[in-house]
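Data first, discussion second: the structure below is written as structure tokens.
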Amino acid sequence: MEKQHKFSIWYVLIGIWIVLILQNFIHSSFAIKTIPYSRFLQLLKENKVAEVAITANQIQGKLKADGTENSRDVMFNTVRVDPEISNLLDQYKVTFKGEIESTFLKELISWVFPMLVFFGIWMLFMKRMAGQQTGFMTLGKNKAKVYMESDLNISFQDVAGVDEAKQELVEVIDFLKEPKKFTELGGKMPRGILLVGPPGTGKTLLAKAVAGESHVPFFNLSGSEFVEMFVGLGAARVRDLFAQAKLKAPCIIFIDELDALGKARGIGAVGGHDEREQTLNQLLVELDGFDPQLGVILMAATNRPEILDPALLRPGRFDRHILVDRPDKNGREDILKVHLKGITTVKNLDTEKLAAMTPGMVGADLANLVNEAALLAVRRNKKKVGMPEFEEAIERVMAGLEKKNRLINPLEKQTVAYHELGHAIVALSLPGTDPVQKISIIPRGIAALGYTMQVPTEDRFLMRKTELLNKIATLLGGRAAEEIIFGDISTGAHNDLARATEIAQSMVKEYGMSSKVGQVYFAQEKKSRFLLTGLEGAVEYSDATAQLIDSEVREIISEQYARAQKILQQHKDVMEKAALLLLEKEKIEGAELKSLMGG
Ligand code: ADP
Ligand code: ZN
């Protein structure tokens, strides 16, 4: 944050002070003193009066330069008492005339001139403050800075380890470079792109790189900045931001921390007109309102997509989601290389070793690490940064990290690796399951320590019984693998168990897929609980049926667990080989595992 000159009461006080000084100065130089007539006579007799003007009942005059009252020419004023004054004036050789010069002008100047000066200073401050978009005159305007390409010298080369995200953004760059060409061909751009990932993985950097690569202005605003002030201002800011952006199109608007602004709107709040909600509504209005042909691309970042208001994620709004995940070992090495360019290191620095030593770190941590190492080298009076500095820097950064996002210990990492491989191998062995795309043991988000990514090849509307059973077996594969390898099981499977049980229950109660229970529908309509009166929704069944349902669900689960175990026993050697690979690389492709299994 740059330093800002806040509007302050001090400016007013200083201004008033300046006016008073000036006024006093001017006034005293033009000042007219009212003196008693006797004093006038005395001054006259002392031969100190230079000239006078006389009317019927007033005398105004000027003292000589060496007059007593002051060193300067002093004007005076007195009431005329003696009607025969001209003789006296003659006697002391004072020039005199019969009318009084108006002092109105001088009085006016002594007030108006300082006022003008003060006003000028005031205007100057106002202009400066308006230029900085702060101060109360500009409250409604957003604080977005316009980064033109010259400022924003960031390209895709500066962002490493997020190749998939970059690939998805190439299209956006093409569009921004020539929006007309794109729309003439009938192409439709997504309006909103949501970058999802943990803090520090380079989401802001990516958005800036898109702007840098396509040479368009970049408007950067944080979600929390929208909601910080008085009621109604957030909405005004959103409106203003979009108005500014439209003028600069093609351009990018980037909203960091979208979750601060876009949290799901609660039902609870009485009145429900809270500031954030108004701002969010305004954002939705703007999102729907702007012409996609215009070339304004809205990008936003969040690390908590699950709490976003669903309205934000609907088609036509933030409908394209790009995952910016923690980097794997290769990614970390690439990121390190980007940041190492900025410092002088020893020639044979082993970046691969560094990457292996920094599991769980994100781009921001790695940038910090390189900086720490460089500082250490300076402190040690070294010309080049070497391995010892990096090792110490890693310790320092890690110590800070451990509090932030628990780093998993080696045994846990092993458990996670076998667990995920269990899912993946079962899925690959059973026909009709979704292809395994990727297996990762990079901790992600709050809950997942690892994940197996299965991507469906097509939209499905019907599922066969065998497919559902295969799905259950795949879900149970994680725990089965743990039991086979370690002879013990962990808590890591609770989510898998919940999902497997849910499917099994649906099979028995909704789809009539259990022969003992029969083709009967026992589930409740999934209506909102608030709408139920207690009569219509409940499906009645006897205790005996309830027991039967339970035992059938259990039967399905245990059968599939046994099946998963059998598959994994058969592929135990593959699982062990793959685990070594996964522990080293932290991420393997589905195809790689498939080839290990022999196609
Ligand atoms: P986010 O917006 O995801 O919280 P930032 O984009 O603000 O993260 O990243 C902060 C800093 O960390 C960047 O300015 C950059 O120096 C460094 N950084 C983060 N990710 C990367 C990356 N993938 N490649 C290179 N540097 C990165
Ligand atoms: Zn699992």
Side-chain angles (χ1 to χ4, degrees), residues 152-166 169 194-212 218 220-223 254-259 299-304 322-328 330-342 355 358 361-371 397 404-405 415-427 436 439-441 444 447-454 471-483 489-500 564:
L152 203 63
N153 222 338
I154 295 173
S155 75
F156 262 6
Q157 302 212 322
D158 300 316
V159 198
V162 283
D163 296 336
E164 285 140 57
K166 280 204 249 179
L169 289 169
L194 188 62
L195 302 173
V196 180
T201 44
K203 298 182 290 298
T204 312
L205 197 65
L206 256 176
K208 283 185 181 168
V210 172
F218 182 74
N220 187 0
L221 243 122
S222 164
F254 178 69
I255 303 179
D256 206 356
E257 302 173 58
L258 183 66
D259 40 282
M299 294 179 85
T302 180
N303 53 344
R304 298 152 81 197
I322 297 180
L323 182 66
V324 188
D325 214 344
R326 285 177 196 277
D328 59 2
N330 285 336
R332 289 198 301 272
E333 190 176 349
D334 292 342
I335 296 174
L336 278 170
K337 280 180 185 158
V338 168
H339 291 283
L340 286 173
K341 271 185 216 149
T358 50
M361 284 197 190
V362 294
D365 300 326
L366 294 167
N368 186 16
L369 171 74
V370 171
N371 190 42
V397 175
K404 230 166 46 192
N405 42 24
T415 312
V416 175
Y418 280 106
H419 178 107
E420 295 305 332
L421 281 169
H423 289 308
I425 291 174
V426 172
V436 174
I439 308 141
S440 153
I441 54 167
R444 225 188 111 220
L449 294 169
Y451 60 92
T452 302
M453 204 157 112
Q454 283 178 276
K471 215 169 190 160
I472 296 177
T474 304
L475 283 166
L476 297 172
R479 164 151 291 183
E482 287 180 42
E483 199 181 348
I489 51 181
S490 77
T491 54
H494 78 273
N495 188 32
D496 301 335
L497 297 185
R499 281 168 61 201

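Fair warning: this is a prediction, and the values are worked out from it, not measured in the lab. Counting convention: from 1, in listed order, for ligands and their atoms alike.
- For atom 24 (N) of ligand 1, the nearest protein heavy atom (residue, atom name, distance) is Ala160 N, 3.1 Å.
- By the 3.5 Å distance cut-off applied to N or O atoms, Asp256 is not counted among the residues near ligand 1.
- At least one heavy atom of Pro199 sits closer than 4.0 Å to an atom of ligand 1.
- Under a 4.0 Å N-O distance rule, the pair Lys337/Glu333 qualifies as a salt bridge.
- Given atom 8 (O) of ligand 1, the protein heavy atom at minimum distance is Gly202 N, 3.2 Å.
- Taking distance alone, with nitrogen or oxygen atoms compared against 3.5 Å, Val159 stays at or beyond that limit from ligand 1.
- Protein heavy atom closest to atom 18 (N) of ligand 1, with residue, atom name and distance, is Gly363 C, 3.6 Å.
- Residue Leu206 places every heavy atom at 4.0 Å or more from ligand 1.
- Atom 6 (O) of ligand 1 has Leu205 N, 2.9 Å as its closest protein atom, hydrogens excluded (heavy atom only).
- From the protein, the heavy atom lying nearest to atom 4 (O) of ligand 1 is Gly200 N, 2.8 Å.
- The single protein non-hydrogen atom nearest to atom 25 (C) of ligand 1 is Asp158 O, 3.3 Å, given as residue, atom name and distance.
- Annotation: Lys471, atom NZ; neighbour count of heavy atoms from other residues, nucleotides and ligands within 6.0 Å does not exceed 12.
- Checked against the Zn ion (ligand 2), the N, O or S atom of Asp496 at the shortest distance is OD2.
- Residue contacts with ligand 1 leave out Lys208, since none of its heavy atoms falls under 4.0 Å from the ligand.
- Computed with the Zn ion (ligand 2) at the centre, the His419 NE2 to His423 NE2 angle is 90°, stated to 10 degrees.
- Inclusion of Gly161 in the set of residues having an N or O under 3.5 Å from an N or O of ligand 1 is not warranted.
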